[in-house]
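Accompanying notes for the structure given below.
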Amino acid sequence: MKSEHIEKLLNSLGCEKIKIAGNKVRSTCPLAPWKHGGGKDEHPSLAVFISADDTSGANCMSGRCGFHGSLSDLIYKLQRLSGRDMSAQLLFLVENNAANLTKRMARMDARAGHYAMPDTSNESAMVLGGKAYTEYQDYADPLLRASMSAALPASATEMMVKMQGWLNDEALVYLQGPDRRFSIETIRKWKIGWHPAARRISLPQYDHAGRLVNLSGRHVPYWPADLPPSEWESKAPKWMHSLGFNRELFLFGEDHFELSGDGKGRVFIVEGGFDVVYLNQCGLKNVAGINGSHINKTQVDKLLKWFDSAVLLMDGDQAGIDAAGRIEQTLAQRMHVVNVRIPNQRDPNQMELSEIEELKYKFMD
């Protein structure tokens, strides 16, 4: 990070007496109120090393504090101690660690909108998400044949495990920012991770038997001042999914359903996986993502087998309104349906907590 960016960041952290000295930027330590004697740093004891390769680190020379780590470590520690929201500082750090942008762009994985998930020669294990289920008529049954094994090959599972829980500053800014608001507990619960080469949030999807059927990657935009969005958008599809995944056979979140066993209960139907994750975090049970704006026969079969009532929470834009109308017509003759329109063209994961509490009061026992 350049010296002027370090200076600006330190200023936003409340540091004083900031001065550039050689390959360092010196200042008072922002952790002083908690980690220094008397709560003050009278003489600048923090040194941040100027580095052009995104490795700038910080050291505090105070014996009582002794902080040593990356700038993001410093921000997170200050956030924990002070209780301040540091998302703006984290975002600033991400935006200005741009030295290796060209290399990052070259590594970006954009294989026609799919992660490359190789097939296997083991015929007893049905390996690809869609193929695994189309040969059977009982794929809506919670008790699937044991011989079907995992829906994705071992290499895909290993890939997911490596990404699971591995989050850097950019990923956390995206997941915990105002558009997502995911807690760390939620990130762990849903096994959300980060694909560093492709710059994607990884979102695994499981069937109701707990088998991995898909690994989706949501691209996190990079916004350097000297690169117009058109130059990376064409190289980076917004979403990428496991090769061979058939979204029509699954409901996102079905592995988290709390089923009554007699087909009685209510389900909240949304479009995307992030909608499911956020509403579940807020306390809504049995939230099903249909992986888009169209519902199909297999998804309908699953819903009818497991529930007798549905609440539609489709996106609030015109496409979502139209989709809700179609789905309501499809389900209304076979189960009780309530169509809830979200105002101001918002998605479910943009709803306020008060709105979700109202939904819980109306539709949850």
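Computed from a predicted model, the values in this text were never measured in an experiment. Below, all heavy atoms of this structure are taken into account, side chains as well, without hydrogens, waters or symmetry copies.
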Taking all non-hydrogen atoms of both residues, which atom of [X] and which atom of [Y] are closest, and how far apart?
X	Y	result
A47	K24	CB-CD, 4.2 Å
A58	V48	CB-CG2, 4.0 Å
R26	A21	CG-CB, 4.4 Å
L284	I356	CG-CG2, 4.1 Å
P30	P33	O-CD, 3.5 Å
M335	S309	CE-N, 3.5 Å

Are any of the side-chain heavy atoms of [X] and [Y] separated by less than 4.5 Å?
X	Y	value
F257	L251	yes
R180	Q176	no
N286	R266	no
W190	F182	no
D41	S62	no
F307	L259	yes
I342	M351	yes
W34	C65	no

Sidechain-backbone polar pair: [X] side chain, [Y] backbone, donor-acceptor under 3.5 Å:
X	Y	result
S202	G193	yes
S260	K264	yes
Q299	I290	yes
D275	G272	yes
Q281	T186	no
D255	G210	no
R247	G292	no
N296	T298	yes
T28	E16	yes

> Within a reach of under 6.0 Å around CZ of R326, are more than 12 heavy atoms found that belong to other residues, nucleotides or ligands?
Replying inline: yes
>> With a sphere of 6.0 Å drawn around CZ of R341, does it hold more than 12 non-hydrogen atoms of other residues, nucleotides or ligands?
In response: no
ILVMFWY cluster, [X] and [Y] together (side-chain gap under 4.5 Å):
X	Y	value
I50	L10	yes
I18	F67	yes
M364	L353	yes
M61	L78	no
I269	I321	no

>> Quick one, R334 with V300, criterion side chain to side chain contact (heavy atoms under 4.5 Å, CB included). Give me CA distance, side-chain angles, the key distance, then yes/no.
In response: CA-CA 10 Å; R334 306 176 70 181; V300 170; 4.1 Å; yes
> Where does the angle between the aromatic ring planes of W306 and H208 fall among parallel (under 30°), tilted (30 to 60°) and perpendicular (over 60°)?
Replying inline: perpendicular
>> Test side chain to side chain contact (heavy atoms under 4.5 Å, CB included) on Q89 and S12; report intermediate values, then the result.
In response: CA-CA 7 Å; Q89 284 82 359; S12 72; 3.4 Å; yes
Give, for atom [atom1] of [X] and atom [atom2] of [Y], the distance between the pair rounded to the nearest 0.5 Å.
X	Y	atom1	atom2	value
N349	F274	CG	CZ	8.5 Å
L303	D308	CG	CG	11.5 Å
H256	E258	NE2	CD	10.5 Å
L74	H68	CG	NE2	12.0 Å
F49	S3	CZ	OG	15.0 Å
R64	K35	CZ	NZ	9.0 Å

Residues [X], [Y]: salt bridge by 4.0 Å N-O rule:
X	Y	value
E355	K360	no
D73	K77	no
E185	R188	no

>> Apply side chain to side chain contact (heavy atoms under 4.5 Å, CB included) to residues M314 and I327 and explain how you reach the verdict.
In response: CA-CA 10 Å; M314 308 301 283; I327 296 170; 3.6 Å; yes
>> Working note: K297 + D301, criterion salt bridge (Lys or Arg N to Asp or Glu O under 4.0 Å); need CA distance, chi angles, decisive distance, verdict.
In response: CA-CA 6 Å; K297 184 181 183 303; D301 288 346; 2.9 Å; yes
>> Set out, in order, the CA-CA distance, both residues' side-chain angles and the distance that settles side-chain hydrogen bond (donor to acceptor under 3.5 Å, both in side chains) for K189 and N280, then state yes or no.
In response: CA-CA 10 Å; K189 176 180 178 179; N280 180 268; 2.7 Å; yes
> Looking only at side chains, do N11 and E7 share a donor and an acceptor under 3.5 Å apart?
Replying inline: no
> Can you check side chain to side chain contact (heavy atoms under 4.5 Å, CB included) on E358 and K362, steps first, answer last?
Replying inline: CA-CA 6 Å; E358 185 177 352; K362 287 183 177 179; 3.3 Å; yes
>> side-chain hydrogen bond (donor to acceptor under 3.5 Å, both in side chains), that's the test. Do Q205 and S216 meet it? Break it down for me.
In response: CA-CA 8 Å; Q205 182 171 346; S216 295; 5.3 Å; no
>> Does Y206 form a ring pair (Phe, Tyr, Trp, His ring centres under 6.0 Å) with F250? I'd like the steps, not just the answer.
In response: CA-CA 8 Å; Y206 298 82; F250 307 98; over 10 Å; no
